[in-house]
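Just below is one structure, and these are the notes that go with it.
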Amino acid sequence: MSTQKPPEDLSEAEARRELARLATEIRLADAAYYKQDDPHLSDAEYDALRQRNSDVEAAFPHLKRKDSPSDRVGVEVSEAFSKVEHGIPMLSLDNAFSDEDVEEFAARIRRFLGLEAGEALTITAEPKIDGLSLNLTYEDGELVRAATRGNGQVGEDVTANARTIDDIPAKLGGAGWPSRIEIRGEVYMEGKAFEALNTSQEAVGKKVFANPRNAAAGSLRQLDVAITRSRPLRFFAYAWGEASQKFADTQTDAVAMLQDWGFVTNDLFKPYQDVKGLLGAYANMAERRAMLGYDIDGVVYKVDRLDWQERLGYVSRFPRWAIAHKFPAERAVTRLEAIEIQVGRTGTLTPVARLTPVTVGGVVVSNATLHNEDEIARLDVRPGDMVEIQRAGDVIPQVLGVVDPDKDRAPSYEFPETCPECGSAAVREIDDKGEEDVRRRCTGGLTCPAQAVERLKHFVSRKALDIDGLGAKQVELFYSKGAVKGPQDIFRLAQRLAEEGLPPLKDWEGFGNTSAQNLFDAIDARRKPPFQRFLNGLGIRHVGEITSGLLARHYLDWDSFWQVIETAAGGDASAEADLLSIDGIGQTAITSLKDFAAESHNQEMLAGLLAEIEIEPAEAAASDSAVSGKTIVFTGTLEKMTRDEAKSRATALGAKVSGSVSGKTDILVAGPGAGSKLKKAEELGVRVISEDDWLELAGL
Ligand code: IVH
């Protein structure tokens, strides 16, 4: 990958060209991801494109394109296929990576079923096909519906497409099929067919697919069924979902039935009597993998007896009776050209390895994640090193380690302690247990360009300053034009436009006299923000709505509060003790406030803001209310007030509001539609009341 010029070094013409290129690349990546099931970029690569686009836009706001990617997130998920609910959800499989994991799988099953040491436990082994799963519904032996897995509960209706696949019978043959049954299996493309498809795609200038799985997914989900028909898709049946009646006692018998009914089943499927047999099957399949003619990425083990499968049941998304023993990921060696630090929208500094492009498992990789500072230290990777990388399935490629380090390699990499975007200190948090966070985060918040837009959106949002007519879209617009760089600029919008040589707001597209005036009025209406909202709006880590409320009700006016924070930041132990004495305020929030206050960019920003606005003092919390000191959780729909209002009333009455039910919960206020929290509260014997009870209790 060529090194990029910093945006400020670009000429206008270069910037314009680069923005055009980025707009196209991002649009294609979006389409590939959302519409064609073919994410040809890793998440890190995609984020890097978007980041570069915003950087260039920030440097050349007037060149921002009408179709700028920063104005949209992804594309609408295809509405072309209608949604269908599966009769029984389509689950995933838990993974095993080592022989021990497989031993443990078998041992777990034995324990669960209470099997005696000598008692036989037959487990089947079969290849894990690297394709996409499909759910076929047959009624009275006729195929009536085919659906993709989707989110496991609801998939997309691809019946017409599935009918073009020869391996999928339109009518069941043989005998003994239930009148209604969901047959499940994998759609895939053979390696040869994949190569041929790519050759012909290339010849006519169409996109080539990264691997057979993407080709299969892209070919199946075609609106034009003729295209699906022209693609050589295949199907292995290996499981079933809803069935109107029992049709077998074991997995082995069931698979034989599927074959009898006209499906293709995998001929490597076989039952084994012990773990040794399973591991032998795994080794055998790993060895034959390259010769099979289709991609497999592991071996699936299933308990053979169906009554036992039923007893074992499910844990969250996985059946307890099956597991996928994965093959090791594919690896390659290449040069680490540079370590770049990306700053995420919430301030996390993520190191990315820029690599000399190399093909791993059929995909060209030029970036890999290095996770975090500790990982770089652990691997001791340095720019210029040859490194081994690994790509497993769809996850971002990973750097595994350095290969034969040179004697004269670069010095050890030093992770920056300041943010590369804004120069603010970047810190690692220590949590309440005294453990250091592996992530380093920029403390610049609102003053950091990487975070600015996200933070500004939060600042004007409903739970913070709540400025009418100034939403995410407007914030992005003003930011991209360079008019609003920090929150203080919002309150000087008219001046800021003039300072940047931009036309007055009334002359902007989509504004006009009235809406421009309305916006200025709405901004003016928030020149006296309440303490709690203002503090929440600053977006300081661990200082959200609830913590802000606790601090506001304790200190009442902003100046006294901020003085305590600054004193604590200066190392004063009694100021810190004062903060810690507040019920509900912990060390993490305090450290985060201190870090924020110590950062000069933030001091300037606050001074700028306070020159424009006046923070309204809070009212003291009632300490004698019926709920004071109690921990309350709200769940379900509230009908007389919004959830936000209920929460703020509760805290104003001196209660603590929590998001989850635990042993510490005193009261659960449950409205209609309450689900898991209600169940948990009942289990724990927590007092559960209705919304009306709550209103009465709160004296509202
Ligand atoms: S059995 C409840 N057998 O792997 C378990 N799945 O990670 C049902 N897959 O979504 C699945 N080959 O797409 C099973 N021989 C095989 C498989 C297989 C591939 C896929 C399937 C599933 C995923 C689970």
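Remember, it's 1-based here, ligands and their atoms both numbered in the order they're listed.
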Electrostatic pair Glu337-Arg335, nearest N-O below 4.0 angstrom: no

If you measure every N/O of Val300 against every N/O of ligand 1, is any gap under 3.5 Å? no

Ring-plane angle category for Trp321 and Tyr314, please: parallel below 30°, perpendicular beyond 60°, tilted otherwise. perpendicular

Strictly below 4.0 Å, N to O, side chains only: are Glu126 and Lys270 in salt-bridge contact? no

Is Ser92 close to ligand 1, meaning an N/O of one under 3.5 Å from an N/O of the other? no

Region of Met90 that comes within reach of ligand 1 [heavy atoms, distance under 4.0 Å]: neither

I need the nearest protein heavy-atom contact for atom 10 (O) of ligand 1: residue, atom name and distance, please. Ser133 OG, 3.6 Å

Which protein non-hydrogen atom lies closest to atom 23 (C) of ligand 1, naming both residue and atom, and how far is it? Lys128 NZ, 4.0 Å

Main chain of Pro672, side chain of Thr637: is a donor-acceptor contact present, judged purely on distance under 3.5 Å? yes

Is Pro127 close enough to touch ligand 1? Criterion: a residue heavy atom under 4.0 Å from a ligand atom. yes

Touching ligand 1 at all, Arg184? Heavy atoms, strictly under 4.0 Å? no

Considering distance alone, does some N or O of Glu126 sit under 3.5 Å from an N or O of ligand 1? yes

Are any of the heavy atoms in Pro319 under 4.0 Å away from ligand 1? yes

Shortest protein heavy-atom distance from atom 3 (N) of ligand 1, along with the residue and atom involved: Lys302 NZ, 3.1 Å

Distance to 0.1 Å, residue and atom name: give those for the protein heavy atom nearest to atom 14 (C) of ligand 1. Tyr238 CE1, 3.2 Å

Note: Lys83-Asp157 ion pair, threshold 4.0 Å (strictly below): no

Electrostatic pair Arg111-Glu104, nearest N-O below 4.0 angstrom: yes

Taking distance alone, with N or O pairs closer than 3.5 Å, would you say Ala239 contacts ligand 1? no

Yes or no, since that's all I need: does a protein heavy atom fall within a distance strictly under 4.0 Å of atom 5 (C) of ligand 1? yes

For atom 20 (C) of ligand 1, which protein heavy atom lies nearest, and how many Å away is it? Glu186 OE1, 3.5 Å

Considering Leu132, Ile129, Asp297, which one's heavy-atom position lies nearest to atom 12 (N) of ligand 1? Ile129

Should the pair Lys679-Glu682 be classified as a salt bridge under the 4.0 Å nitrogen-to-oxygen rule? no

On the 0 to 90° scale, with breaks at 30° and 60°, tag the Phe247-Trp240 ring pair as parallel, tilted or perpendicular. perpendicular

Is any NZ, NE, NH1 or NH2 atom of the basic residue among Asp437 and Arg440 found under 4.0 Å from an Asp or Glu carboxylate oxygen of the other? no

Check the orientation of Tyr294 and Phe236. Use parallel for under 30°, tilted for 30 to 60°, and perpendicular for over 60°. perpendicular

Could an N or O of ligand 1 be found under 3.5 Å from any N or O of Leu93, whether backbone or side chain? yes

